Amino acid sequence: MPDDALSTSSHQDWMRRADALVPELPTRHRVAGADADGSGGAFPVVSPRDGRTLALVADAGEKEVDLAVAAARRAFDTGPWPRLSPADRGRILLRIAALIEEHRSTLALTVTLENGKPISESYAIELRALANTFRWYGQLADKLTDTSPHTEPDTLALVTREPSGVVGAVVPWNFPLTLAAWKLAPALAAGCTVVLKPSELTPLSALMLGRIADEAGLPPGALNVVAGDGPTAGRALGRHPDVDVLTFTGSTAVGRHFLRHAADSNLKRVWLELGGKSPNIVLPDAPDLAAAAATAAWGVFFNQGEMCTAPSRLLVHDAVAEEVTAAVVERAGTLRVGDPLDPATQMGALAGTARVDSVQEHVRRGAEAGARLRAGGTRLEVVPGGSYFSPTVFDQVTPQMPLAREEIFGPVLAVLTFGSLDEAVTLANDTAYGLAAGLWTSDLSTAHTVARRLRAGTVWVNCYEEGDVTVPFGGYKQSGNGRDKSLHALEKYTELKTTWIQL
Ligand code: NAD
């Protein structure tokens, strides 16, 4: 029965549901198809909505990571999962998608409580992407083919893809379920087994997902979920000799750790989806300047600005700079920052007090460096004890200022201006990152030539943050390597084998 709680639940309903859900939240690891306690202590998961402790979750140390990897290893080496027919694997992934839909409101509520994003977005965006991703890879599992190149007549060559083995997946808190699914679904579809380590800020929804996957019929050990912090549990996965592939989404700084961990251990494959400082270029011939400004504002404040792809550098042509900036500032001032449990809220809580402190510090340094604050810049008290910040816009930002260079990962926009197309492209590419870029123009040639010149994994023209599971997602330069989503994600979880037969 599809769950349509979003259209039928009020703010009060969600608050009541939250109170009922909190005592039921999972607190134990999920290993080999069962709940498992840790041998260490437990850590609190605190809701950024109001600062209340949601749960005390078992804290994975090296021992728990070892147990989870051993379960995944057994499941891969001798268990049924890699040996099932692709069609049977697909059927189980489709059952996971169906169960996700059945538990949609509980999962969405858990994400909102642990992460602070609006319930409307958890429900409509995060949960839709989660179910779609499992469904898409479930449907894909038995539609893949290998190749046989045309070689000499007395030979037969086969080029086949085989599952890579045990995958360690380490993910952040900003889309705790979607980003996990972008790794789990293709890895499982390929026949790999997985140990997932969610962020210590948002382990609850991932532990729930682990239970749902087992309930859907995934064989024990095919998916294990351990909760713990990065420097202990994340590091242990990164260094583990029995992990064949480490797939990571998070900051560029931590991505570097995983490359080192692989070099210091078994040279496991390391796939990195990292940070960004994406440019959004507005040319005077944009088809609709008001739409460009509205989308620029929506893009940078969506998910509280906690987006790797956030269009955090707005590059506007001198001729339209004030018109576009004023429209963005106006949007910033009218955005409904509110209780994440209120379906009318457009911007909820940042992921915790440390996030608010970090954003505040970026704002302070931005002003100190000489940028002009046009909107926001302050903490907000929305729900007592919560972590809220106002939508913030700076203009008069110059390319060398920290506001133009550092990933803030919060609701802060830096506006820079340019006078020529070449200058815009140079500014856009003047960054260590290369995750995404936006471009607004009515000219077809400009759209194509500029898109080619932008060093970014995704270029959006006359839109931003659009797409679906069919297209690859990932970064150039220090935004990472490899791609999530689409057929290309399977490349991360498969080894390519040549079999050459003398006939
Ligand atoms: P983070 O790098 O601090 O943490 C990500 C994960 O790594 C968490 O599970 C954490 O526990 C773990 N970790 C932290 N330190 C570790 C260590 N020393 N060893 C091993 N594991 C460790 O990132 P975050 O704060 O959770 O997320 C924000 C970052 O993620 C931003 O930089 C953002 O751009 C990036 N991000 C990238 C994408 C993408 O697809 N490219 C998507 C979302 C977020």
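Counting starts at 1 for both ligands and their atoms, in listed order. Computed from a predicted structure; not experimentally measured.
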### Task
Please determine if Glu200 has a nitrogen or oxygen closer than 3.5 Å to a nitrogen or oxygen of ligand 1.
yes
#### Entry: Cationic N near anionic O, under 4.0 Å, Arg483 to Glu273
no
### Donor-acceptor under 3.5 Å (Thr345 side chain, Met347 main chain)
no
#### Entry: Carboxylate-amine/guanidinium contact Arg455 Asp430, below 4.0 Å
no
### Query
Salt bridge between Asp244 and Lys268, side-chain N to carboxylate O under 4.0 Å?
no
### Under 4.0 Å to a heavy atom of Leu179 - the qualifying atoms of ligand 1, by number
42 (C), 43 (C)
### Message
Which of the numbered atoms in ligand 1 are under 4.0 angstrom from any heavy atom belonging to Phe258?
### Response
20 (C), 21 (N)
### Query
Judging by distance only, is a nitrogen or oxygen of Val254 under 3.5 angstrom from one on ligand 1?
no
### Task
Using a strict cut-off of 4.0 Å, indicate which atoms of ligand 1 neighbour a heavy atom of Arg235.
19 (N), 20 (C)
### Message
Counting non-hydrogen protein atoms only, what is the nearest one to atom 39 (C) of ligand 1? Give residue, atom name and distance.
### Response
Cys308 SG, 3.4 Å
### Query
Is atom CD of Glu62 surrounded by more than 12 heavy atoms (other residues, nucleotides or ligands) closer than 6.0 Å?
no
### Task
For the pair Ser47 (side chain) and Arg49 (backbone), establish whether a donor and an acceptor sit closer than 3.5 Å, ignoring hydrogens and angles.
yes
### Query
Is it true that Arg211 and Glu215 make a salt bridge, defined as a side-chain N closer than 4.0 Å to a carboxylate O?
no
### Query
Taking non-hydrogen atoms only, is Val171 closer than 4.0 angstrom to ligand 1 via side chain, backbone, both or neither?
backbone
### Message
For ligand 1 and Ser479, I'd like to know whether there is a polar contact (N/O to N/O, distance under 3.5 Å).
### Response
no
### Cationic N near anionic O, under 4.0 Å, Arg235 to Asp264
no
### Identity and separation of the nearest protein heavy atom to atom 33 (C) of ligand 1
Phe409 CE1, 3.2 Å
### Side-chain donor or acceptor of Glu465 paired with backbone N/O of Gly299 under 3.5 Å
no
### Message
Checking the side chain of Trp460 only, and the main-chain atoms of Glu466 only, is there a donor and an acceptor separated by less than 3.5 Å?
### Response
yes
## Note on the structure
When distances are taken from atom 23 (O) of ligand 1, the protein heavy atom at minimum range is Ser251 N, 3.5 Å
### Query
Of Gly230, Ser199, Gly168, which has the heavy atom at the shortest distance from atom 19 (N) of ligand 1?
Gly230
### Query
Nearest to atom 18 (N) of ligand 1, what protein heavy atom do you find, and at what distance?
His257 CD2, 3.6 Å
### Task
Give the numbers and elements of all ligand 1 atoms closer than 4.0 Å to a heavy atom of Leu435.
41 (N)
### Query
Is Phe473 close to ligand 1, meaning an N/O of one under 3.5 Å from an N/O of the other?
no
### Query
Closest non-hydrogen protein atom to atom 35 (C) of ligand 1, residue and atom name please, with distance?
Gly250 O, 3.1 Å
### Thr249 N/O under 3.5 Å from ligand 1 N/O
no
### Query
Does the ring centre of Phe76 sit less than 6.0 Å away from the ring centre of Trp81?
no
Distance-only donor-acceptor hits, side chain of residues 167-180, under 3.5 Å, sequence neighbours excluded:
from   : atom 1 : to     : atom 2 : distance (Å)
Asn174 : ND2    : Glu306 : O      : 3.0
Thr178 : OG1    : Glu126 : O      : 3.4
Thr178 : OG1    : Glu126 : OE2    : 3.2

## Note on the structure
ligand 1 atoms nearer than 4.0 angstrom to some heavy atom of Val170 are 6 (C), 7 (O), 9 (O), 12 (C)
### Protein heavy-atom partner closest to atom 7 (O) of ligand 1 - residue, atom, separation in Å
Phe248 CE1, 3.2 Å
#### Entry: Contact partition for Phe175 relative to ligand 1, non-hydrogen atoms under 4.0 Å
neither
### Query
Is the Phe258 ring parallel, tilted or perpendicular to the His261 ring (thresholds 30°, 60°)?
perpendicular
### Nearest-option assignment for atom 34 (O) of ligand 1, heavy atoms, candidates Arg483, Glu407, Arg256
Glu407
### Query
With the threshold set at 4.0 Å, does a side-chain nitrogen-carboxylate oxygen contact exist between Asp342 and Arg336?
no
### Message
Give me the residue, atom name and distance of the protein heavy atom closest to atom 27 (O) of ligand 1.
### Response
Pro172 CB, 3.3 Å
### Query
Under 3.5 Å between some N or O of ligand 1 and some N or O of Asp229?
no
### Message
Side chain, backbone, both or neither: which applies to Asn174 and ligand 1 if a contact is any heavy-atom pair less than 4.0 Å apart?
### Response
side chain
### Message
Below 3.5 Å, N or O to N or O, backbone or side chain included: is there any such pair between Leu274 and ligand 1?
### Response
yes
### Query
Based purely on interatomic distance, does Trp173 place a nitrogen or oxygen under 3.5 Å from a nitrogen or oxygen of ligand 1?
yes
### Contact atoms of ligand 1, heavy-atom distance to Pro198 under 4.0 Å
9 (O)
### Query
Listed by chain and number, what are the side-chain contact (heavy atoms from CB on, under 4.5 Å) partners of Ala108, not counting sequence neighbours?
Ile119, Ser122, Tyr123, Leu127
